[in-house]
Undergrad: 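The structure follows.
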Amino acid sequence: MNDVTLERVPVAPPASSLDPVDYAVISQGLMAAAREMGVKLIRSSYSNIVREAQDASAALFDAEGNVVAQAELIPMQLGPMSDIFRACAAVVPPSELRPGDFYINNDPYGGGQHLQDVFIYSPIFVDGTLVGFAGTVSHHLDLGGGNPGLSPNAADVHAEGIILPPSVWNIDRDWNGGNLEKFLRANVRVPAQTIGDFYAQFAANAVGSTRLAGLCARYGTAKVSQAMNDLVAYSERRFRAAIEALPDGEYFGEDAVDDDGLSDEPLVVRAKVTIKGDTISVDYAGTCEQVRRNLNCPFASTISATLAAVKSALTSPDIPFNEGVKRPVAVTAPKGCLVNPHYPAPVRARMLSAYRCFDAVFRALAQVAPDKVVASGNDSTHSLAFSHLGDGHRYRVYLEIYGGGFGASARVDGCDGVDSALSNCTNTPVEATDMDFDHFRIIEYGLAEDSCGHGRRRGGLGLKRRFEILKDGVNFACYTDRSRIRPWGLFGGTEGEPTRLEVEKHGQTTVLPSKTQIELSRGDVITLTTAGGGGYGPIDERASDLVAHDISEGFVSSEVAAKVYGRR
């Protein structure tokens, strides 16, 4: 089988002769601009998935499309942004762009991830010279497809929504009431929210353009371009040094998605991590073949999950995540496997397989850097969609992503009830959901007692959320994971409790499959309990005061504490 590889780039040059004060001010200005783009994107958006959950990202690029600075939002979206850019640049080179043009891409087989993540790149010109790009990505609540919100039964990628291949458009000609905007508005179920979120992307890109142009006006384009290069080189030097501190060798790890929704067969992801000098390569040979359901992971997502695992385990958080972090890393996956599928395999739930890449790499790195990794956590995207076509023949589409327990580390317990590392979405307040939707309501929300794994450090607690359906004819679709294969512990720590999804109908409670689509009626109740994180270290090394604290806070029941630790 043919492999696809993220190529290595030569070692970064030594720091330039740019004045250190100028470099410090410009580099911090670049990072501040990217963060401001992220704030603008979130605050300007219409949908709850972006406005509240912050499922979106923003970054600044140099004139060649290399990521220079990014907002600290969604790691999964940010890692391959330059690769997705290059897929657009291969169609129309940046040298042919004019003011008002923009690249757009959401094609999983054209460099993108999944259809709902739409990437937009706006060129930044100063005195007629292209100096960089402002780029954003948002998860769009609805982009058409065979079912509102999401399509668990999609037979191929075309059933999942509109494909926007790598292409160039102009904001004055094609947006602002132009043909591209009209096309999208006519093909989505919630045009006010979807089109509003697109406008938020353009607004955020405009902020990035203004800030970069301001830096160029103050310091000159030559100095700003040099500072961009130096910032990338700085990240590369520090990342290479972190890799070089580890012993050379080959290390192996694997994990698995519960199933594909058609059978009970687990979907195995295997990773071989090779450390050699100041470089690291990850090969996913041995991973299962692609599947018929939407669990397939496009290669851009595989790259992103791998980079996130390696960087989070091996480096300190003060190293800026930009193109320099990618250069010492090579990623390879056989074509046709779960994490590098052939067109037109469906890919909507690719996060579940991407998380298994993340976990497999962590398991491998645990053998060489045990104090730097964490046990497995919830590590899944629990994506639930409640959609309803109302009396006014208008759709209301609600979709949210839920977190769970983080895995424990050598130093601290796992975080309770937070989103997993790749998606990093925030909590959506119940009040915001109540304001936007009237076909359901949330009747319970809290941490799931006793859901954590145990050890010297316990895993984080999962979440429990219950939804009461208020109208007939509600379309429910979801994908979750960790319902069969529990989050694993490390070095004597125990597994976390699994995910559980239930529906109450007419007084009867039924456990639902983790990937499913059903119709709900008034009075039905959906309950989601997400997985807890695995523990770290031997159980008998947990301090008594920590056990007592867990009991007093309601994290662990006295019965479970007595059973696990022999203490009440």
Side-chain angles (χ1 to χ4, degrees), residues 6-9 11-12 27 31 34-35 38 57-59 66-84 113 231-246 251 253 271-284 297 299-332 339 351 354-377 379 406-407 409-411 415 419-424:
L6 174 65
E7 298 290 345
R8 290 195 181 99
V9 180
V11 176
S27 62
M31 289 188 283
R35 294 184 184 114
S57 296
N66 297 306
V67 175
V68 174
Q70 64 184 40
E72 290 87 355
L73 287 167
I74 309 298
M76 189 65 179
Q77 296 170 339
L78 290 162
M81 281 192 82
S82 58
D83 302 280
I84 297 168
Q113 298 212 27
L231 182 57
V232 171
Y234 167 77
S235 292
E236 182 176 353
R237 286 194 303 274
R238 287 195 60 187
F239 192 38
R240 287 186 183 276
I243 297 171
E244 197 166 23
L246 300 173
Y251 308 93
K272 180 178 77 171
V273 177
T274 303
I275 298 172
K276 185 176 182 180
D278 64 355
T279 64
I280 188 167
S281 62
V282 181
D283 179 20
Y284 290 100
C297 185
F299 192 62
S301 297
T302 301
I303 292 172
S304 191
T306 306
L307 289 170
V310 172
K311 183 184 185 298
S312 61
L314 301 185
T315 68
S316 58
D318 66 314
I319 299 179
F321 195 129
N322 56 38
E323 203 71 21
V325 172
K326 296 173 62 178
R327 289 175 176 169
V329 182
V331 184
T332 305
V339 298
M351 283 291 284
Y355 269 118
R356 301 304 160 253
C357 294
F358 184 91
D359 290 333
V361 171
F362 258 46
R363 266 189 155 165
L365 291 175
Q367 302 161 39
V368 67
D371 60 332
K372 296 180 181 294
V373 300
V374 298
S376 170
D379 295 350
F406 241 63
S409 72
R411 293 172 295 279
C415 295
D419 199 8
S420 301
L422 293 180
S423 49
N424 195 39

Undergrad: Output the distance between atom CZ (F239) and atom CG (D278), rounded to the nearest 0.5 Å.
TA: 10.5 Å
Undergrad: Answer yes or no: is there a donor N or O on one side and an acceptor on the other, between the side chain of R363 and the main chain of S376, under 3.5 Å?
TA: no
Undergrad: Which heavy-atom pair separates A313 from F362 by the least distance, and what is that distance?
TA: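 Of all heavy-atom pairs spanning A313 and F362, the closest is CB-CE1, 4.0 Å.
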Undergrad: Any heavy-atom pair between the side chains of I84 and Q113 that's under 4.5 Å?
TA: yes
Undergrad: Given side chains that start at C-beta, do those of T315 and R238 come closer than 4.5 Å, heavy atoms only?
TA: no
Undergrad: With rounding to the nearest 0.5 angstrom, report the CG to CD1 distance, D83 to I303.
TA: 5.0 Å
Undergrad: Under 3.5 Å, is there a donor-acceptor pair between the side chain of R356 and the main chain of D379?
TA: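 Here the side-chain-to-backbone pair exists.
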Undergrad: Kindly say whether L73 contributes a backbone atom to a donor-acceptor pair with the side chain of N424 at under 3.5 angstrom?
TA: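 Between the backbone of L73 and the side chain of N424 there is a qualifying donor-acceptor contact (under 3.5 Å).
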Undergrad: Got a second to check how far S409's OG is from K372's NZ, nearest 0.5 Å?
TA: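 Between atom OG of S409 and atom NZ of K372 there are 12.0 Å.
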Undergrad: Can you tell me if S235 uses its side chain to pair, donor with acceptor, with the backbone of P320 under 3.5 Å?
TA: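 Pair found, side chain donor or acceptor close to backbone of P320.
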Undergrad: Tell me whether S57 contacts the main-chain N or O of A71 through its side chain, where contact means a donor paired with an acceptor under 3.5 Å.
TA: no
Undergrad: Give a yes or no on whether the backbone of L231 and the side-chain of S27 come within a donor-acceptor separation of less than 3.5 Å.
TA: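 No.
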Undergrad: Just how far is it from atom CD of E244 to atom CD1 of I275, taken to the nearest 0.5 Å?
TA: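 If we round to the nearest 0.5 Å, E244:CD and I275:CD1 are 11.5 Å apart.
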Undergrad: Charged N to carboxylate O under 4.0 angstrom, R327 versus E323?
TA: no
Undergrad: Considering residues at least two apart in sequence or located in another chain, which fulfil the side-chain contact (heavy atoms from CB on, under 4.5 Å) criterion with L422?
TA: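 Counting only residues at least two positions away or on another chain, L422 forms a side-chain contact (heavy atoms from CB on, under 4.5 Å) with M76, A305, A308, M351, A354, Y355, F358.
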Undergrad: Side chains of L365 and V273: closer than 4.5 Å at any heavy-atom pair?
TA: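 Side-chain contact under 4.5 Å: yes.
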Undergrad: Could you tell me which non-hydrogen atom of V331 sits nearest to which non-hydrogen atom of V329, and how far apart they are?
TA: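 For V331 and V329, the tightest heavy-atom pair comes out as CG2-CG1, 4.1 Å.
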Undergrad: Does some side-chain heavy atom of K326 sit less than 4.5 Å from a side-chain heavy atom of V67?
TA: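 A side-chain contact under 4.5 Å is absent here.
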Undergrad: Roughly how far, to the nearest 0.5 Å, is SG of C357 from CG of L307?
TA: 11.5 Å
Undergrad: Minimum heavy-atom separation for A421 to P75, with atom names?
TA: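 The answer is O-CG, 3.4 Å.
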Undergrad: Which pair of non-hydrogen atoms, one from G38 and one from A58, has the smallest distance, and what is that distance?
TA: N-CB, 3.8 Å
Undergrad: Is Y234 close to N322 at the side-chain level, that is, under 4.5 Å between some pair of heavy atoms?
TA: no
Undergrad: With sequence neighbours excluded, tell me which residues meet side-chain contact (heavy atoms from CB on, under 4.5 Å) with A271.
TA: V282, Y284, A360, V361
Undergrad: Is the shortest heavy-atom distance from the side chain of V68 to the side chain of M31 under 4.5 Å?
TA: no
Undergrad: Indicate the atoms forming the closest heavy-atom contact of V368 with P370, along with that distance.
TA: C-CD, 3.5 Å
